[in-house]
Amino acid sequence: MITSAPLSENEQFSPAVLPAAPRHGKDVREFEQLIDRVAAAIGPVWPLQDYVAVNPFAGLTGRSFLETRAFLRKFSEIDMLMPISHYAKLYSTGELTVEAIEKAVAEQPRAGRQRGLSTGEVIVLLKGVDWDSAMEQEPTLRMRTVAELVSQYGKFDWTESIRDEVGKFCAAYYDDGQAIWGTAAKHLPVFQAWRQTAVHDRTLEILGITGLRQFISELPHTPAVTILGCLKKLGVPEQRWETFLLCQVYSIPGWSSWAKYQTEWKDSDNREDHFLSLLAIRLAYDTALAESVPLCIQWNSFPDPEASDRDTRLRTLLLRATEIAFRDRLLGQIQKSIPVKESRSTVNVQMAFCIDVRSERMRRALETVSEGIETIGFAGFFGMPIEYVPLGHSCGQSHVPVLLKPQMRIQEGLHPLDQDEEDQSILTRKRTRSWRKLWKGLQGSATGCFSFVESCGLWFGVRLAKHSAGGLSGWSLSAQDGVDGDDPGIFGPTLRGLKSQGYAIPQQADLVEGMLRNIGMTEKFSRLIVFCGHTSRTENNPLAASLDCGACGGHSGEPNARLAALLLNQMGVREALRERGIEIPEETHFLAAVHNTTTDQIELQDLRLVPGSHRKDVEELQGALKAATRISQSERMPSVDCDSVSDLMKKARDWSEVRPEWGLAANAAFVIGPRSLTKGVALDGRVFLHSYNSSSDVDGSILKSIMTAPMIVAHWINMQYYASTVDHQYFGSGTKTLHNVVGRFGILSGNGGDLRTGLPWQSLHNGEKLQHLPLRLQVVIAASRNRIQAVLDEDPAVAELLDGNWLDVTALEHNSFYQYTGQGRWDSI
């Protein structure tokens with residue numbers, strides 16, 4: 001495959017001459033399709049301020065789960081299965097049962113295996129018999145980059161060095177204001193910017209790639225032609241192009257994910273193909289390296305890994321057995337709750353929470369505190385597809401799932417509106433931020449940084465001591481710029497400009513009607529209805545947005561909740577709803593709230609807008625919320641290693657805390673059905689809960705909207721946690737203690753290298769054991785099999801997820817459970 005013999009004179013190539021680009025339309029189309037397939041194998045990564053949970057395998061779900069694993073292992077060391085030791089530990093603790101293993105073994109013929117493992121064989125292997133010698137033998141031969149091959153047979157790690165060079169360029173090119181001195185080539189397209197800067201960089205030449213700068217200067221001016229020329233120059237057979245290019249992008253998976261986001265997801269008028277450019281850059285380094293070393297590659301000698309070797313079959317079976325064990329426990333809890341009927345006669349307050357797993361504890365606590373509170377689960381953006389523009393800004397942030405696009409721009413303003421006061425607040429805010437920016441610039445400038453430290457060092461020492469003691473908090477400091485007093489709620493969403501955007505009263509009624517019908521709230525309205533968004537507040541946490549609302553694009557659901565309440569309190573909107581069959585009583589008042597998932601506190605918003613007739617209702621609700629907070633806090637304290645509520649609160653303010661909360665760790669299931677199925681059941685913050693009543697969904701459209709949007713968002717979240725846990729090297733972001741923010745948009749481990757994606761280890765592991773157990777999402781739907789099947793028939797993308805074993809669906813029909821087994825088949829459980 002690779003030898004130390006030098007290439008012959010005829011095999012050596014001149015960097016000045018690369019093969020010509022294809023001239024025929026067919027060749028161009030085939031090349032474009034090739035690049036599309038390569039790009040599909042990489043998931044995007046969003047910038048820190050919009051951090052979104054992403055399924056890194058989203059572009060590969062046309063294959064089955066196991067087929068995807070085999071595909072990835074053709075060109076990388078990625079694994080999608082936990083080691084046997086993980087399952088052995090679960091078996092020893094009783095979390096993985098013999099009964100679950102038996103059920104998983106029984107499913108093997110259905111998975112297409114003629115001769116599978118027996119229950120006895122699995123248990124023997126779990127107990128460690130002959131394990132070290134018989135299992136976990138990973139294939140050592142796969143397609144590799146030139147840098148990997150040279151590093152493997154040499155004494156220098158070229159893969160790491162090239163990764164550092166790519167990272168150095170990308171960090172400078174994509175910098176979003178962190179660097180005081182930016183790159184001079186930022187105005188150029190990516191590939192041209194790299195060529196302009198790389199021809200002056202001697203780093204890799206000094207390390208041994210002779211003639212690199214000359215090689216780069218003579219490359220074609222377009223990335224597509226460069227890629228084609230390099231492939232042909234390296235002598236890669238055409239049937240191996242895709243696999244070799246996948247090697248290239250997976251040698252820098254983080255930057256590849258960033259380029260994928262820039263190309264396909266970022267809102268921009270410039271539709272430059274960043275991914276193609278990055279691929280050309282990485283391949284050019286490989287091609288230059290190949291010329292500098294005595295290398296002969298037999299491209300067709302790389303074997304493909306087997307998709308069904310014994311190790312893979314065993315670990316897949318154990319994964320399935322672990323999922324079955326969890327599913328059976330969940331279904332057993334639901335089965336016990338089925339006879340319970342919800343009583344609505346005493347409901348005084350209805351509270352709609354996000355489906356987020358962290359809402360489950362709070363909902364259960366509230367229902368424990370007061371029988372007069374009914375809780376509802378719905379996507380945390382509450383059907384409000386908005387871009388929220390803060391006071392004094394001309395543009396804002398999208399508070400909507402990434403699968404959707406904002407449909408309206410909501411301006412923040414003062415409540416109540418006082419134009420003179422608002423103008424003064426805007427002026428104060430701009431002045432404050434200008435001074436802050438000037439102060440920050442002085443700290444980092446080349447001329448002022450040393451004198452700054454000498455002049456102000458002691459003062460910063462005092463601040464450092466107070467921060468370390470938890471005496472200072474940066475919470476909302478920036479958000480409160482321009483506000484007199486300590487009431488951040490004085491700012492909020494307004495309805496200004498909606499009519500000019502095409503959202504007059506009828507269109508506003510359309511929005512809230514869709515939300516109410518999807519929630520199932522079309523009658524029997526209580527006196528007080530609260531939309532509760534959620535947020536997370538931590539200190540010194542670059543990945544803070546990962547703890548916010550996944551349904552709101554990595555932002556808080558507060559603006560969405562406040563806007564929904566604001567719309568529904570308008571008499572014009574209510575009149576329009578009445579004409580559509582939704583009659584909201586005059587005594588019903590809508591309110592918004594925010595659940596801080598780091599402290600478990602819930603704050604009601606816009607209390608100044610509450611009429612006097614509802615003041616007592618609000619006071620009673622506030623008392624219930626405080627009591628529920630105490631219950632939820634006491635339940636959550638052991639998981640974050642706290643002995644008291646004060647310790648829990650301190651974690652949120654502690655700027656050295658690496659585990660302020662667990663986010664959505666341990667998520668494992670998604671229940672779509674009435675609250676009666678899970679009310680009173682302790683689900684330990686592991687289940688997404690979406691309210692749904694099949695009897696009111698006459699045509700199945702509500703179920704379709706849930707399965708094609710919230711369920712997919714939950715699946716993305718689940719797979720991000722799964723991938724970050726199972727293969728942290730590729731899909732995690734390392735340890736928080738080594739994190740460095742780069743360009744204000746991403747994270748590096750240390751001072752260079754690849755961009756890190758996914759979750760940090762501290763969000764998955766508590767130091768002794770995994771907090772997140774990697775399981776594929778278990779979906780339970782209280783609806784008929786025919787209705788669920790109709791959704792699958794209409795939406796092939798959702799059906800692919802089920803048929804490919806990316807998630808598991810169980811139907812609850814007439815108090816019996818049925819498991820979807822693929823290709824339209826259902827089996828009784």
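Computed over heavy atoms, backbone and side chain alike; hydrogens, waters and symmetry mates excluded.
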Query raised in the report: Has the side chain of N540 got a donor or acceptor atom that lies under 3.5 Å from a matching backbone atom of S656?
Result: no
Requested in this report: Check for a donor-acceptor pair, side chain of N55 on one end and backbone N or O of M719 on the other, with a separation under 3.5 Å.
Outcome: no
**Report entry** Worked check of side chain to side chain contact (heavy atoms under 4.5 Å, CB included) between R142 and E77
**Finding:** CA-CA 9 Å; R142 61 169 177 82; E77 302 292 347; 3.0 Å; yes
Query raised in the report: Should the ring pair F65 and W806 be called parallel, tilted or perpendicular, given that the plane angle runs from 0 to 90° and is split at 30 and 60?
Result: perpendicular
**Report entry** Heavy-atom side-chain proximity of W194 to L188 below 4.5 angstrom
**Finding:** no
Query raised in the report: Backbone N or O of T68 within a donor-acceptor pair of the R63 side chain at under 3.5 Å?
Result: no
**Report entry** Non-hydrogen side-chain atoms of E165 and L204 separated by less than 4.5 Å
**Finding:** yes
Requested in this report: List the atom of S398, the atom of H555, and the distance in Å for their closest heavy-atom pair.
Outcome: O-CD2, 3.2 Å
List the atom pairs, with distances to 0.1 Å, where a side-chain N or O of residues 544-554 and a protein N or O form a donor-acceptor pair under 3.5 Å, not counting sequence neighbours.
residue, atom, partner, partner atom, Å
S546, OG, L543, O, 2.5
D548, OD1, T535, OG1, 3.2
D548, OD1, S536, N, 2.8

Report task. Working to the nearest 0.5 Å, report the span between CD1 of I227 and CG of L219. Result -> 11.0 Å
Query raised in the report: Is it true that a side-chain atom of T226 and a backbone atom of T222 form a donor plus acceptor pair closer than 3.5 Å?
Result: yes
Query raised in the report: Okay, side chain of H728, backbone of S724: is any donor-acceptor separation there less than 3.5 Å?
Result: yes
Query raised in the report: Which distance, rounded to the nearest 0.5 Å, do you find between the NE2 of H187 and the CD of Q196?
Result: 6.0 Å
**Report entry** Charged N-O contact under 4.0 Å between K650 and E657
**Finding:** no
Query - Sub-4.5 Å side-chain heavy-atom contact between L231 and L283 - result: yes
Report task. Would you mind reporting whether W158 and L207 have side-chain heavy atoms less than 4.5 Å apart? Result -> yes
Query raised in the report: When rounded to the nearest 0.5 angstrom, what distance separates CD in Q720 from CG in L759?
Result: 4.0 Å
Query raised in the report: Are any of the side-chain heavy atoms of L748 and H739 separated by less than 4.5 Å?
Result: no
Query raised in the report: Donor-acceptor pair, Y250 side chain versus A41 backbone, under 3.5 Å?
Result: yes
Query - Heavy-atom side-chain proximity of L648 to T599 below 4.5 angstrom - result: no
Query raised in the report: Below 4.0 angstrom, N of the basic side chain to O of the carboxylate: do K651 and D641 qualify?
Result: no
Query raised in the report: So do the side chains of H86 and L773 get within less than 4.5 Å of each other, counting heavy atoms only?
Result: yes
Report task. Give a yes or no on this: more than 12 heavy atoms of other residues, nucleotides or ligands lie within 6.0 Å of atom CG of N740. Result -> yes
Query - L278 and its side-chain contact (heavy atoms from CB on, under 4.5 Å) partner, picked from I252, D273, V190 - result: I252
Query - Nearest atoms (heavy-atom pairs only) where G732 meets R756 - result: O-NH2, 3.4 Å
**Report entry** Side chain K260, main chain A39, donor-acceptor under 3.5 Å
**Finding:** yes
**Report entry** Heavy-atom pair with the smallest gap, counting every atom of Y173 and A185
**Finding:** CE1-O, 3.9 Å
Query - Sidechain-backbone polar pair: S256 side chain, V249 backbone, donor-acceptor under 3.5 Å - result: yes
Query raised in the report: For T597, does its backbone N or O pair with a side-chain atom of R358 as donor and acceptor, under 3.5 Å?
Result: no
Query raised in the report: Only one of W761, Y722, F57 forms a ring pair (Phe, Tyr, Trp, His ring centres under 6.0 Å) with F731, so which one is it?
Result: F57
Report task. For ring-ring contact (aromatic ring centres under 6.0 Å, His included), just list the numbers for W255 and F275, CA-CA rounded to whole Å, side-chain angles, deciding distance to a tenth of an Å, and then say yes or no. Result -> CA-CA 9 Å; W255 289 118; F275 183 84; over 10 Å; no
Query raised in the report: Thinking salt bridges, do R69 and D79 make one under a 4.0 Å N-O criterion?
Result: yes
Query raised in the report: Sub-3.5 Å donor-acceptor pair from the side chain of Y721 to the main-chain atoms of L664, do we have one?
Result: yes
Report task. Decide whether Q762 and T735 meet the rule of one side-chain donor and one side-chain acceptor closer than 3.5 Å. Result -> yes
Report summary line: Applying side-chain contact (heavy atoms from CB on, under 4.5 Å) to P47 and not counting sequence neighbours gives D50, W258, Y261, F745
Requested in this report: Given salt bridge (charged side-chain N to carboxylate O under 4.0 Å, His left out), test R653 with E539 step by step and report yes or no.
Outcome: CA-CA 6 Å; R653 297 192 302 268; E539 290 286 348; over 6 Å; no
**Report entry** Donor on one side chain, acceptor on other, R195 and H221, under 3.5 Å
**Finding:** yes
Report task. Drop me the distance from L234's CG to I297's CD1, to the nearest 0.5 angstrom. Result -> 6.5 Å
Report task. Before giving the answer on side chain to side chain contact (heavy atoms under 4.5 Å, CB included), spell out for W662 and S639 the whole-Å C-alpha distance, their side-chain angles and the decisive distance to 0.1 Å. Result -> CA-CA 8 Å; W662 283 112; S639 70; 3.8 Å; yes
Query raised in the report: Sequence neighbours excluded, which residues qualify as salt bridge (Lys or Arg N to Asp or Glu O under 4.0 Å) partners of D286?
Result: R282
Query raised in the report: For the atom pair CZ (F215) and SG (C230), what is the distance rounded to the nearest 0.5 Å?
Result: 4.5 Å
Query - Residues T598 and E661: side-chain donor-acceptor under 3.5 angstrom - result: yes
Query raised in the report: Is there a side-chain contact between I747 and V742, using heavy atoms and a 4.5 Å cut-off?
Result: no
Report task. Specify the closest pair of heavy atoms between S76 and Y730, including all atoms of both residues, with the distance to one decimal. Result -> CB-OH, 3.8 Å
Query raised in the report: With a 3.5 Å cut-off and no angle check, do the side chains of Y174 and H274 form a donor-acceptor pair?
Result: yes
Report summary line: For V166 and Y285 the tightest heavy-atom approach is CG2-CE1, 4.0 Å
Query - Spatial distance of atom CG (L738) from atom OG (S733) [nearest 0.5 Å] - result: 11.0 Å
Report summary line: In short, A172 meets T183 closest at the heavy-atom pair O-CG2, 3.5 Å
